[in-house]
Novice: 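One structure, as structure tokens, below. Some questions next.
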2 protein chains.
Amino acid sequence: MDMTSKLTAVAERLFDRHGYMATGMDRLTEAAGVSSRTLYKHVGSKTELMARVLTERDRRFMARIEVRSVDALFAALEDWVRVEGCRGCLFLRTRAETGGDTPEIAEAVSLHKEALQQRIREVVAMDLGREDLALAEQVLVLFEGATHAAVYRGAQTVSAARAAAFTLLERARP
Amino acid sequence: MDMTSKLTAVAERLFDRHGYMATGMDRLTEAAGVSSRTLYKHVGSKTELMARVLTERDRRFMARIEVRSVDALFAALEDWVRVEGCRGCLFLRTRAETGGDTPEIAEAVSLHKEALQQRIREVVAMDLGREDLALAEQVLVLFEGATHAAVYRGAQTVSAARAAAFTLLERARP
DNA sequence: TGCAATGTAAAACGATCGTTTTACATTATG
DNA sequence: CATAATGTAAAACGATCGTTTTACATTGCA
């Protein structure tokens with residue numbers, strides 16, 4: 001694992017767990033066990049690092065939800081929150097914390113959410129045998145809702161979302 | 001309107017729109033048209049101000065969702081996002097940005113989310129004629145999901161959540 | 001009239017921020 | 001062996017942060 005990937009992984013963990021405000025570059029160097037010079041040589045700046053974290057997280061997250069049914073989608077989300085914890089969507093949090101004023105970050109968030117919507121539309125289509133944009137939007141709401149309600153309700157909420165999705169899907173089926 | 005309320009209102013607007021990181025106390029004094037001395041005399045500190053903003057927002061938000069049906073609940077949310085915009089739940093954002101390490105803020109968020117859950121349970125019970133905690137949890141997921149998906153999908157998403165809630169409720173009815 | 005109270009304007013505080021620099025050690029490779 | 005690359009340790013940079021202080025103006029009330 002090269003230095004940049006390591007730094008990105010450490011940064012993702014700290015940013016996610018303590019927020020961007022509370023995570024200074026010195027905390028990062030300490031946690032990663034590198035000098036500030038090395039840090040800056042590899043990641044350029046804090047803003048670049050934030051964007052890189054999002055890009056990497058998108059890769060990891062999207063790989064996790066490469067599934068073929070809505071039920072598997074929520075099962076994958078259950079796995080994710082069990083492994084990664086539930087602190088809300090880091091993409092939306094990052095965008096909110098920067099006020100949307102950082103183009104690189106705004107674009108990383110935009111790309112991720114676009115990919116997420118596309119994936120959900122595909123999964124709904126697989127399950128239903130046809131496209132259903134309205135249902136896909138409802139599933140998206142459940143997905144986003146599970147992610148955020150889990151922050152204070154815990155992982156059980158993902159199961160509730162899963163059950164709700166099942167009901168909605170059942171009703172839309174031929 | 002007294003000074004403290006005015007300062008809290010201005011702070012809520014800036015915090016919500018640009019994030020806490022990007023909203024310094026000087027921006028607040030400028031936006032409110034007061035001196036920094038007056039600001040600190042009334043709100044104590046930035047942390048206190050953040051907590052006060054949440055308490056005030058809870059009051060306003062909960063007043064808005066004093067409704068008697070699930071459908072009215074989502075209608076109220078539609079109104080809210082039309083008037084206040086959609087930048088995600090400020091409570092969760094604040095908690096995330098402080099890493100949950102600020103007790104006053106963590107408690108304000110906790111109180112709000114507890115109240116929200118209670119309200120939803122009540123509304124579901126009114127609609128259904130009986131308590132249904134599982135359904136209430138699903139409605140909570142839809143509510144939270146609508147709030148956050150609306151950030152990138154716009155207000156239309158609240159309508160999707162509303163429709164989904166209607167379907168789930170229909171199915172649970174006697 | 002005089003005295004609190006309450007406000008502004010603006011400088012200054014120390015701390016901390018992201019970032020750069022200086023000086024030096026280690027390692028891989030020709 | 002020499003040299004270039006890559007790392008650490010640590011001081012220092014200027015900017016900005018939240019906060020306090022100094023000095024002065026306005027106002028309401030005894």
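These figures come from a predicted structure and were not determined experimentally. In what follows, every chain begins at residue 1, and chains take the letters A, B, ... in the order their sequences are listed. Atom set for the values below is all heavy atoms of this structure, side chains included, hydrogens, waters and symmetry mates excluded.
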Novice: Please report the distance, rounded to the nearest Å, between CE in A:Met21 and P in D:dC17.
Specialist: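 For the pair A:Met21 CE and D:dC17 P, the rounded distance is 11 Å.
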Novice: Side-chain N or O of A:Ser35 versus OP1/OP2 of D:dG7: is the shortest distance under 4.0 Å?
Specialist: no
Novice: When the distance from CZ of A:Arg37 to P of D:dA5 is rounded to whole Å, what number comes out?
Specialist: 13 Å
Novice: Could you check whether A:Ser36 gets within reach of a base, just the sugar-phosphate, or nothing at all, counting any heavy atom under 4.0 Å?
Specialist: base
Novice: Which whole-number value in Å describes the distance from B:Lys41 NZ to C:dT6 C1'?
Specialist: 7 Å
Novice: Could you tell me whether B:Arg173 and B:Glu170 have a side-chain N and a carboxylate O separated by less than 4.0 Å?
Specialist: no
Novice: Name all residues meeting the side chain to side chain donor-acceptor pair (under 3.5 Å) criterion together with A:Arg57; count only those two or more places apart in sequence or in a different chain, and write none if there are none.
Specialist: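 Per chain and number, A:Arg57 pairs via side chain to side chain donor-acceptor pair (under 3.5 Å) with A:Glu12.
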Novice: Between atom NE2 of B:His42 and atom CG of B:Leu7, what is the distance when rounded to the nearest 0.5 Å?
Specialist: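 One gets 7.0 Å once the value is rounded to the nearest 0.5 Å.
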Novice: Please report the distance, rounded to the nearest Å, between CE in A:Met25 and P in D:dA12.
Specialist: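 Checked: the CE to P distance equals 22 Å.
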Novice: Find the distance A:Tyr40:OH to C:dG18:C1' and express it as a whole number of Å.
Specialist: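 Going from OH in A:Tyr40 over to C1' in C:dG18 covers 4 Å.
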Novice: Distance check needed: C:dC17 C1' versus A:Leu28 CG, whole Å only.
Specialist: 13 Å
Novice: Establish, with yes or no, whether the OP1 or OP2 oxygen of D:dT6 is under 4.0 angstrom from a side-chain nitrogen or oxygen of A:His42.
Specialist: no
Novice: Can you tell me the distance, in whole Å, between the CG atom of A:Asp26 and the C1' atom of C:dT20?
Specialist: 15 Å
Novice: Which word best sums up how the rings of A:His148 and B:His148 line up, parallel for under 30°, tilted for 30 to 60°, or perpendicular for over 60°?
Specialist: parallel
Novice: Could you tell me whether B:Gly33 contacts a base, only the sugar-phosphate backbone, or nothing, with contacts defined as non-hydrogen atoms closer than 4.0 Å?
Specialist: sugar-phosphate
Novice: If I take atom CE in residue B:Met3 and atom P in nucleotide C:dG7, what distance separates them, rounded to the nearest angstrom?
Specialist: 7 Å
Novice: Starting at the 5' end of DNA chain C and moving along, which residue's nearest nucleotide shows up first, B:Val34 or A:Thr23?
Specialist: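 Going by which nucleotide is closer to the 5' end, it is B:Val34.
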